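In what follows, a single structure is set out as structure tokens and then discussed.
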Amino acid sequence: MPARTPQQSHPASGIARVAVPSPLRRLFDYLIPANTHVQPGIRVRVPFGSRELTGIIVAIVDQSDIETSQLRPITEVLDHDELIPSHLLDLWLWAANYYQHPVGDALHSLLPAGLRKKSAASIRSHHSDPSQPEITPTDTDIPTPNSQQNEAIRAVNDSSGQFNSFLLDGVTGSGKTEVYLQCIDHILKQDKQAVMLVPEISLTPQTIERFRQRFSAAIAILHSGLTPRQRLNAWLEAASGVARIIIGTRSALFTPMAQPGLIIIDEEHDASFKQQDGFRYSARDLAVLRARHESIPVILGSATPSLESLYNANTGRYRHIQLTQRAGTASMPTFQLVDTRRQLSEAGLSSDLLLATARHLKQGGQVLIFINRRGFAPVLHCEDCGWTSECPSCDARLTVHRKPPHLCCHHCETRQPVPDHCPDCQGKSLGTGGTGTEQCESALATAFPDTPVLRLDRDATRRKGELERILKQINNGEPCILVGTQMIAKGHHLPGVTLVGVLDADNGLFSADFRGQEFMAQMLIQVAGRAGRASQPGEVLIQTSNPEHQSLQTLVHDGYHALARTLLNEREAAAMPPYGYLVIIRAEAVSMAAPQRYLTLARQVINSQIHSQQLNDIEVHGPLPAPMERRANRYRQHLILKSSSRSVLQSLLTPVCQILEGRSESRRVRWSVDVDPLDML
DNA sequence: AGCACGCCGACT
DNA sequence: GTCGGCGTGCTC
């Protein structure tokens, strides 16, 4: 027992159960000094080993499992009022437990950074950046909703003050946002608050502007670009009730609200609602739970709902509201599949697509080319000896970039100059394989010398303000060609676009991941949604080497929902989500053998638990190498668990994680648990 | 995760 | 002699 500074007598007035920031899956008990008022949901400073940390009280108890003489007292109370309301704290704890993440670390990560240390939780004004600029709403003419929108608005408004989940399933341009706005308006009139979650990339100034124009109520924005102080202010404004509308990405779901009234998840199918590292929670799933806890309605909105949400709508867990009418005169775009096996293509562009591009430009339209690969080409190879540009740190190939010229890995930080001869055979015949956005951009610039060609990908928009500049040029309405990655699929309003070309639809068709087809379909519909929003009808050309593929045929001829139904049938037959539940235990290490060895141990621990608890209905697969086994010089393995029962997985995992945590082998690998994984990568 | 402790090799 | 590598244990 290490020597401790002798304590004065501490007439304890109860014991506080504290979540301490550490990777340990348990709470720690502390004595509450006399004359100290504490309650669950406040921060305290506590001694922890040889350190002092900021923890969160989650309960007050009068008996500890630890002998009282072993308990140490709370050093300092940081909040005098409840910081995290009890129903919200329950959600935080539930989430840490469900996603099998160490409770102290989970709760710590949900606090805004400004509250993780000692500082007091108070709003301080910032001269350089007032969090509430004075704007009076100018948008006085509120559009009149159509009958479908009215029905949606009425359904949500009728359930204010009680829990209800709505799947707002509306085609692009059907006016989902107007439904959100009117439901928020109704909530504001009851002196309640609304929180809206949006995907990472779509929290644009335009989105925010639309809300500021519409409402005079204070709006708190929570996005990644804020300084810690701005973020803290927004958080505290929501918690205190000063802010009436909270708009933010994933983590905004955990923001306290003084008078909660409504939760909205926009683009609910979007992958960014699932955190992909550390505490791997799903903000979309937790939103429904929060709404239930707080007895308020929740709206999940999308033009391409996730199979999970469609399933929940089918089974009656969500109320399914469909918006099928497009606003104004806009009509649905027409789809056409282009067989790339039959057409010579230059830089991945088929002659059909080039001809269509010329036609639309001539008619004054804008053209959008979607290609989900940035850079010039995905590989450099030697035509003499077959050498390819492998990444030294990953099981991947280095991508060729021309602007500026370099080779780089899209999975790690590796960056190399472009060799002028083959490193293996010294030959001079180096060629590129495949097409990226840069190559597509330059090929189109050559083919259409009189038309501006704009590229929209992570590289082109790296510089701040560059995205806005490109969008502004598009919005001037002049004919142009826009080449881009995923970035262009999401949200941006591009009224001048009349033709959309999709270069590589095959990628999603043959993805190793079980959600590959779902993601592909959502992507194609989202991209197609960019076309024909204005008066001219849109045209969508999808290039594929498998035009006869059943999924593509169904999507193109019968639409997203028809494909969703067949994909759901396939999932049911395979007992995959949403008909079964998955958990992945991941392990990675610098040595090749360690992760597999570790997960073999994990599997033994699992088997003995299954045996001792007499669990059935659990499948265990692996250890298996991850789809890209080596990444950034680390070897990665997976252990996959599957069951038709969440609670069975839960009662298996809790003791398994506890046991693994205590094993010394756990220190020699990086391991994590992913409950309801989005993909196997 | 941190951090302390303790046990071995190697170097001023 | 002692500086420092990392394996092991502990945190209410």
Side-chain angles (χ1 to χ4, degrees), chain A residues 1-34 36 38-78 89 92-93 96-97 99-111 113 115-118 275 277-281 585-591 593-595 597-598 601-602 605 634 654 657-674:
Chain A
M1 164 106 344
R4 271 178 196 161
T5 28
Q7 309 284 343
Q8 273 95 39
S9 64
H10 284 282
S13 55
I15 290 159
R17 199 147 276 179
V18 180
V20 174
S22 86
L24 303 170
R25 287 161 211 268
R26 62 200 133 125
L27 299 164
F28 290 84
D29 293 345
Y30 289 88
L31 298 172
I32 302 166
T36 309
V38 297
Q39 56 181 324
I42 65 163
R43 297 169 306 142
V44 286
R45 296 285 290 176
V46 291
F48 193 70
S50 58
R51 297 172 292 161
E52 192 184 75
L53 299 171
T54 300
I56 297 169
I57 297 182
V58 304
I60 308 291
V61 294
D62 31 49
Q63 204 55 52
S64 174
D65 298 339
I66 305 290
E67 223 182 296
T68 312
S69 61
Q70 303 275 64
L71 297 182
R72 299 165 80 183
I74 288 169
T75 315
E76 191 185 348
V77 176
L78 296 180
L89 183 61
W92 288 26
L93 292 167
N97 188 46
Y99 292 103
Q100 296 293 334
H101 197 78
V103 59
D105 190 62
L107 267 55
H108 187 71
S109 74
L110 298 184
L111 281 176
L115 293 178
R116 290 177 196 168
K117 291 278 174 292
K118 262 186 95 167
Q275 180 131 34
D277 52 71
F279 180 19
R280 294 171 172 261
Y281 63 87
I585 303 180
R586 303 159 188 276
E588 58 173 70
V590 179
S591 101
R597 208 179 331 116
Y598 181 73
L601 165 72
V605 173
R634 308 183 76 91
T654 303
C657 290
Q658 208 70 244
I659 292 163
L660 286 176
E661 186 184 296
R663 301 282 303 225
S664 63
E665 292 91 335
S666 295
R667 311 207 82 191
R668 292 192 274 274
V669 297
R670 266 159 65 166
W671 68 286
S672 64
V673 184
D674 193 347

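For the numbers below, each heavy atom of this structure counts, side chains included, while hydrogens, waters and symmetry mates do not. The chains referred to below are lettered A, B, ... by the order of the sequence lines, with proteins before strands, and numbering in each begins at 1. Fair warning: this is a prediction, and the values are worked out from it, not measured in the lab.
Closest approach to the A:S50 side chain among B:dA1, C:dC12, B:dC3 is made by B:dC3 (side chain taken as heavy atoms from C-beta onward).
Spacing between atom CZ of A:R26 and atom P of C:dT11 amounts to 8 Å, rounded to whole angstrom units. The nearest whole Å value for the distance from the CD atom in A:E665 to the C1' atom in C:dC6 is 17 Å. Whole-Å rounding puts the A:L24 CG to B:dC3 C1' distance at 13 Å. Atom pair A:F48:CZ and C:dC12:P shows a separation of 6 Å (rounding to whole Å applied). If you measure from atom CZ of A:F28 to atom P of C:dT11, you get 8 Å, rounded to the nearest angstrom. Following rounding to the nearest Å, A:R668 (CZ) and C:dT8 (P) show an atom-to-atom distance of 6 Å. Put simply, CZ on A:R51 is 4 Å from C1' on B:dG2, counting in whole angstrom units. Distance, A:L71 CG to C:dC12 P: 9 Å, rounded to whole Å.
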task = Start with the C-alpha gap between A:R25 and A:Q658, add the side-chain angles, then the distance that decides, and say whether side chain to side chain contact (heavy atoms under 4.5 Å, CB included) holds.
result = CA-CA 7 Å; A:R25 287 161 211 268; A:Q658 208 70 244; 4.0 Å; yes
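The shortest side-chain heavy-atom distance between A:L111 and A:T54 does not fall under the 4.5 Å cut-off. Two residues are said to be in side-chain contact when any heavy atoms from C-beta on lie closer than 4.5 Å; A:D105 and A:P23 fail this criterion.
Contact annotation: A:R667 side-chain N/O to C:dC10 OP1/OP2 distance is not under 4.0 Å.
Here the CG-CD distance, from A:L660 to A:Q100, works out to 10.5 Å after rounding to the nearest 0.5 Å.
Within the 4.0 angstrom heavy-atom criterion, only backbone atoms of the sugar-phosphate kind lie near A:P47; the bases stay farther away.
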